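Structure first, commentary second.
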Amino acid sequence: GTLFVVQWDKVYLQGKEDIGSFTFQAALHSSGRIVFSYKEIPVPVLQISPSQHPVKAGLSDAFMVLNPSPDVPESRRRTIYEYHRVELDPSRISSLSAVEFTPLPTCLQHQSCETCVSSELPFNCSWCHVLQRYL
């Protein structure tokens with residue numbers, strides 16, 4: 001109920017199986033915390049060529065659009081649009097390391113007009129009585 005963990009166990013880079021396998025986790029906490037734990041990182045992340053393997057470390061908001069492929073009518077081409085990226089320094093990712101993201105306070109934490117109005121958040125949000133939520 002308070003934690004969801006995804007583990008990638010013994011993942012190999014295609015064509016680079018000889019360097020060893022990667023094992024790491026992403027833990028999503030109900031409090032909003034996100035923890036990436038790296039158990040086995042057999043090669044420095046900076047040495048992974050982005051030409052064959054997209055190399056990304058961090059978080060981002062994204063959405064995906066499926067478009068018909070002009071070459072193969074029955075298939076779809078997937079396009080991912082990213083925004084609001086928080087990148088990690090890939091040189092800091094190594095075996096037996098972890099990175100924790102702690103959420104900043106937002107209007108989402110307020111459940112009533114009183115808590116919204118009395119909050120000291122660094123931005124302007126307001127409570128909508130009609131919708132019974134913040135804006």
Side-chain angles (χ1 to χ4, degrees):
T2 62
L3 178 66
F4 177 74
V5 178
V6 176
Q7 179 167 312
W8 291 263
D9 195 26
K10 298 181 181 166
V11 176
Y12 292 89
L13 296 177
Q14 185 176 0
K16 303 280 186 181
E17 292 81 5
D18 58 321
I19 66 170
S21 65
F22 294 75
T23 297
F24 53 97
Q25 293 181 340
L28 310 176
H29 296 260
S30 62
S31 65
R33 286 178 42 238
I34 300 172
V35 180
F36 293 110
S37 301
Y38 303 96
K39 183 177 180 184
E40 296 173 13
I41 305 296
V43 63
V45 175
L46 289 171
Q47 291 181 10
I48 301 171
S49 170
S51 64
Q52 289 186 320
H53 307 280
V55 180
K56 297 181 182 185
L59 297 171
S60 68
D61 289 337
F63 64 92
M64 182 175 61
V65 175
L66 296 173
N67 292 312
S69 176
D71 301 331
V72 184
E74 62 273 359
S75 69
R76 291 184 171 175
R77 187 179 58 203
R78 179 177 63 163
T79 305
I80 298 175
Y81 296 95
E82 280 187 303
Y83 55 96
H84 297 146
R85 182 186 289 187
V86 177
E87 294 185 65
L88 295 175
D89 177 356
S91 68
R92 310 269 321 232
I93 298 172
S94 61
S95 294
L96 303 177
S97 67
V99 176
E100 178 180 3
F101 289 92
T102 305
L104 296 173
T106 69
C107 291
L108 290 174
Q109 69 198 46
H110 301 303
Q111 302 298 316
S112 70
C113 177
E114 292 77 31
T115 59
C116 180
V117 171
S118 64
S119 73
E120 295 183 20
L121 295 176
F123 47 87
N124 295 325
C125 63
S126 60
W127 186 261
C128 176
H129 291 284
V130 175
L131 298 175
Q132 288 296 297
R133 61 177 284 195
Y134 69 92
L135 297 175

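Count residues from 1 along the sequence. Fair warning: this is a prediction, and the values are worked out from it, not measured in the lab.
Side-chain atoms of Val86 and Phe101, non-hydrogen and from C-beta on, do get closer than 4.5 Å to each other. Counting only heavy atoms from C-beta outward, the side chains of Val35 and His29 approach each other to under 4.5 Å. When side chains are defined from C-beta on, Phe24 does not count as touching Val6, because their heavy atoms never get closer than 4.5 Å. Within the 4.5 Å cutoff, the side chain of Lys56 has heavy atoms near those of the Glu82 side chain.
Remark: the Ser37 side chain and the Gln25 side chain contain no N/O donor-acceptor pair separated by less than 3.5 Å.
The heavy-atom pair separating Ser94 from Tyr38 by the smallest distance is O-CB, 3.5 Å. Nearest heavy atom pair, residue Met64 against residue Ile80, reads CG-CG1, 4.2 Å. Across Pro42 and Ser21, no two heavy atoms sit closer than the pair CD-O, 3.3 Å. Closest of all the heavy-atom pairs between Ala27 and Val5 is CB-CG2, 4.0 Å.
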Check: Hey, mind stepping through Leu13 and Ile19 against side chain to side chain contact (heavy atoms under 4.5 Å, CB included) and telling me if it holds?
Finding: CA-CA 8 Å; Leu13 296 177; Ile19 66 170; 3.8 Å; yes
Checklist line | Residues Phe36, Leu59; criterion side chain to side chain contact (heavy atoms under 4.5 Å, CB included); working and verdict | finding: CA-CA 10 Å; Phe36 293 110; Leu59 297 171; 3.7 Å; yes
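Side chain of Gln47 to backbone of Val45: no donor-acceptor contact under 3.5 angstrom is found. Distance alone, capped at 3.5 Å, is enough to place a donor-acceptor pair between the Ser95 side chain and the Ile41 backbone. With hydrogens and angles disregarded, no donor-acceptor distance shorter than 3.5 Å links the side chain of Ser60 to the backbone of Ala62.
The CD1 atom of Ile34 sits 5.5 Å away from the CG atom of Leu28 when rounded to the nearest 0.5 Å. From Asp61, atom CG reaches atom NE2 of His84 across 6.5 Å, with rounding to the nearest 0.5 Å. Interatomic distance, CZ of Phe22 versus CD1 of Ile48, reported as 4.0 Å (0.5 Å rounding).
With a 6.0 Å radius and a threshold of 12 heavy atoms from other residues, nucleotides or ligands, Arg92 has its CZ atom at or below the threshold.
Residues Val99 and Trp8 fall within the same hydrophobic cluster, defined by Ile, Leu, Val, Met, Phe, Trp and Tyr side chains chained together at heavy-atom separations under 4.5 Å.
In this pair, Tyr81 and Phe63 present their aromatic rings parallel. The plane angle is below 30°, not in the 30 to 60° band.
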